Amino acid sequence: MSIASVIVDVPAKQTDREFDYLIPDKWKSIIRPGIRVVVPFGPRMVQGFVTGIKESSDLKKLREIKEPMDLEPVLNDELLQLGDWMTEQTLSFKVSALQAMLPAAMKAKYEKNVELTDLTSFDRMHEDVRSLFKHRKTLTWKEMLEAGKPSLFHKELQNGNLEVVYYVKNRLNKKTVRHVKPLLSTEELSEALDSLSASAKKQRQIVEHFLHAPESVSLKNLLEIVHSSAAAVKALVEKGILAEYDEEIYRDPYENRSFEETSAFRLTDEQAAALGPINAAVDAERNDIFLLYGITGSGKTEIYLQAIDKVIQNGKEAIMLVPEISLTPQTVKRFKERFGNQVAVLHSGLSVGEKYDEWRKIHRQEVKVVVGARSAVFAPFQNIGLIVIDEEHEGSYKQEEPPRYHARDIAIQRGLSHSCPVILGSATPSLESFARAQKGVYKLLSLTKRMNNSTLPSVEIVDMREELRTGNRSMFSEKLFAKLEDRLTKGEQTVLFLNKRGHSSFVMCRSCGVVINCPDCDISLTYHRSNHSLKCHYCGHEEGMPPVCPECGSDHIRFFGTGTQKVEEELGKILPNARVIRMDVDTTSKKGSHELLLNAFQEGKADILLGTQMIAKGLDFPNITLVGVLSADTMLHLPDFRASEKTFQLLTQVSGRAGRHQLKGEVVIQTYTPEHYSIELAARQDFDTFFEKEMEIRRLNHYPPYFYLALVTVFHEDLIKTVSVTEKITKYLRSNLSRQAIILGPVASPLSRVKNRYRYQCLIKYKREPGLNALLKNIINNFQQETAKGQLQIAIDLNPQMMM
DNA sequence: AGATGGGGCCCA
DNA sequence: GGGCCCCATCTC
């Protein structure tokens with residue numbers, strides 16, 4: 001008798017282990033590791049992942065697997081192992097790790113119903129219950145509760161007229177299209193045609209169609225061809241002439257798009273020098289990790305494309321990771337143009353169903369390349385020849401909810417399993433990666449020149465304090481304004497970048513100075529012009545803009561801070577002739593709008609592209625000769641040790657949008673702290689000096705890459721409780737970690753209260769603490785009872801990207 | 001997570 | 001003694 005080890009879909013400490021189940025004989029050939037199954041778990045049914053097959057179990061009484069949910073394993077051995085590794089690395093539940101590797105469509109959906117036990121039970125029930133079961137034998141649990149009368153239902157359940165039935169379903173199914181095909185040969189069809197009555201005109205037409213074209217056709221198309229209704233088809237099906245069946249299809253997010261094939265560009269000497277070692281590692285199947293450090297516009301993408309091409313020629317597969325924000329249609333296009341239908345795309349803009357279908361193409365080995373955001377690193381390829389992470393410094397590669405994995409770590413781990421190279425690419429590498437490259441852990445490949453013989457744009461820093469002193473109170477410095485005008489007359493394009501992070505438009509009363517905060521979070525509300533409302537960006541709380549100050553009743557209540565909408569308005573005043581395209585969360589929320597706006601800009605339908613973070617990357621239009629950064633330092637003062645690094649990266653990226661082709665580019669950076677090294681060095685595009693400077697600061701302050709970090713955050717509604725739990729944790733760690741570890745806390749989290757829960761944290765900086773994970777697990781176990789009830793929450797983030 | 005079932009408490 | 005709520009316990 002074989003037995004399956006199953007990880008059940010119950011993400012809780014107590015169920016975070018394998019459970020043994022008997023495999024019924026009929027499923028024996030199907031059930032293997034990596035298959036999802038439906039299993040009885042206590043009184044209900046849950047989804048589970050088979051992780052192993054064995055011949056015996058420590059338990060005598062085992063229950064049987066109800067049924068498999070897949071015919072082929074959805075996780076191969078490598079991914080199952082990766083799941084183990086990830087569970088250990090991120091201290092998450094095993095199910096969460098396994099689930100994270102699959103598309104959302106494959107997460108189980110649970111139903112709980114109340115059903116009649118048999119045909120006669122209806123008659124035996126109380127009439128109040130009976131009235132609900134007229135014409136139906138099932139009520140959902142919710143419907144039952146809404147009906148009231150719990151005691152009546154209870155009685156019927158007790159005496160066996162009703163039973164509770166649990167269902168486990170896929171959240172989404174394969175999409176099918178109804179097809180029709182003839183069941184008869186051509187001769188038989190013509191005989192059938194003769195036997196049809198003359199009045200059945202439509203039926204005769206359909207049969208005639210199949211005489212000419214005997215192949216299968218979708219019902220929709222057939223009806224269009226013969227101008228008929230489904231009824232006529234039905235009739236023919238009943239006569240045994242035709243058959244209807246469902247054919248599986250893929251939802252194609254790029255259905256209405258055609259891609260012109262491109263071939264490899266000729267590489268510059270520098271590019272060729274960088275591609276050489278990569279290709280060598282691809283051929284040798286060697287797990288080298290390359291840091292491709294190339295300035296903006298130096299042609300990193302072409303190197304990726306050619307390396308991937310090599311991988312495909314070698315009969316292997318490649319994973320290409322791109323940050324969500326730069327996974328634009330423009331990016332996708334470049335890969336589709338080069339590799340055609342060998343490419344699958346995975347990003348958040350796709351519907352759940354589309355993502356599922358793209359995943360299936362990978363799973364069934366119908367594609368060779370996947371281009372996608374963070375989670376695409378789990379693409380179920382069997383034979384990976386290369387993994388590329390573009391913009392490797394991007395914080396979005398770290399998942400901020402459990403399992404808190406970093407795609408870079410996963411990529412390196414998979415590179416090891418597949419014995420293939422990994423490329424980390426960036427114009428502004430993370431300090432961690434660059435430090436490793438310097439130590440020789442990663443192999444450094446540099447691109448120092450731009451393609452198209454273009455030079456880096458010249459950058460000017462404008463001191464906005466000076467502007468204020470000379471009486472310019474607008475958000476545009478004289479210099480930027482002059483250059484904007486100049487571009488307008490020349491017919492060249494400008495990109496204006498507004499950094500929104502930490503710079504929302506809050507509402508303040510000018511009389512009493514009160515700022516309107518979210519009632520549940522310690523953060524000011526943001527004004528939204530579109531519906532004249534105030535919104536909390538952390539919990540979603542929304543209220544109307546008050547006409548008078550809620551504190552003092554004064555009507556001098558106004559919003560402060562700069563939003564893109566406000567900049568747009570201002571532009572309209574000072575440059576009434578300029579055509580402006582605004583790109584922010586509001587204007588790009590609709591599917592496809594992102595592409596639409598960019599296309600319009602590319603086609604020259606606007607002079608100025610105004611936007612937030614989302615325009616910092618990937619834009620590559622020849623006519624952009626001016627980039628303006630409206631205020632460079634909004635991010636600089638965030639309470640995060642990476643604030644300088646982030647600012648440097650962002651400014652460098654934005655500046656890189658200008659002058660990428662024939663026309664020379666200029667950049668104007670407006671700031672209130674022009675002397676800050678990350679602004680100064682970004683203006684000079686001097687990564688090397690920035691790296692040295694920032695490394696020194698990290699060394700002095702014991703931050704990465706000199707130290708590792710672990711962040712423990714405690715959440716609770718009660719402030720005293722929050723602090724005392726954090727205190728206990730901090731003490732426990734202090735007394736159990738080595739002398740070299742630095743333990744900070746308890747301190748209030750930078751976001752001290754969200755959704756009416758206080759947050760306190762303890763930060764651990766360490767170099768080598770082999771026992772740390774075990775200690776952290778102890779903490780989780782220790783507070784398990786309290787956290788299970790939901791009042792208290794403890795989050796542990798190893799190598800956090802965000803300190804908030 | 002979610003169901004169960006025992007213990008404690010109130011009531012007739 | 002019966003009904004109800006709370007909380008610890010268990011789920012192969």
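Here is how names work: the chains are called A, B, and so on, in the same order as the sequence lines, proteins then strands, and each is numbered from 1. Every value quoted in this text rests on a predicted model; they were computed, and no experiment measured them.
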What I want to find out is whether [X] reaches [Y] closely enough, with some N-O distance under 4.0 Å, to be called a salt bridge.
{"X": "A:Lys175", "Y": "A:Glu354", "value": "no"}
{"X": "A:Lys355", "Y": "A:Glu358", "value": "no"}
{"X": "A:Arg364", "Y": "A:Glu248", "value": "yes"}

*Looking at B:dA3, B:dA1, C:dT9, which one has an atom nearest to any side-chain atom of A:Tyr166?*
B:dA3
*Which one, C:dT9, B:dA3, C:dC12, comes nearest to the side chain of A:Pro43?*
B:dA3
Touch class at under 4.0 angstrom, heavy-atom based, for [X] against every strand present:
{"X": "A:Gln14", "answer": "base"}
{"X": "A:Tyr21", "answer": "sugar-phosphate"}
{"X": "A:Leu62", "answer": "sugar-phosphate"}

How many whole angstroms separate atom [atom1] of [X] from atom [atom2] of [N]?
{"X": "A:Lys61", "N": "C:dT11", "atom1": "NZ", "atom2": "P", "value": "13 Å"}
{"X": "A:Glu111", "N": "B:dG2", "atom1": "CD", "atom2": "P", "value": "15 Å"}
{"X": "A:Phe19", "N": "C:dC12", "atom1": "CZ", "atom2": "P", "value": "7 Å"}

*Would you please confirm or rule out a distance under 4.0 Å between OP1 or OP2 of B:dG2 and any side-chain N or O of A:Lys112?*
no
*So, is A:Arg44 close to the B:dG2 phosphate, meaning a side-chain N or O under 4.0 Å from OP1 or OP2?*
no
*Please say which of A:Asp84, A:Asp9, A:Asp16 ends up in a salt bridge (charged side-chain N to carboxylate O under 4.0 Å, His left out) with A:Lys94.*
A:Asp84
*Using purine N1 to pyrimidine N3 plus N6-O4 or O6-N4 for Watson-Crick, or N1-O2 and O6-N3 for G-U wobble, both under 3.5 Å, which nucleotide pairs with C:dC7?*
B:dG5
*Using the six-membered ring for Trp and the full ring for Phe, Tyr or His, decide whether A:Phe41 stacks on the six-membered base ring of C:dT11 (centres under 5.5 Å, planes under 30°).*
yes
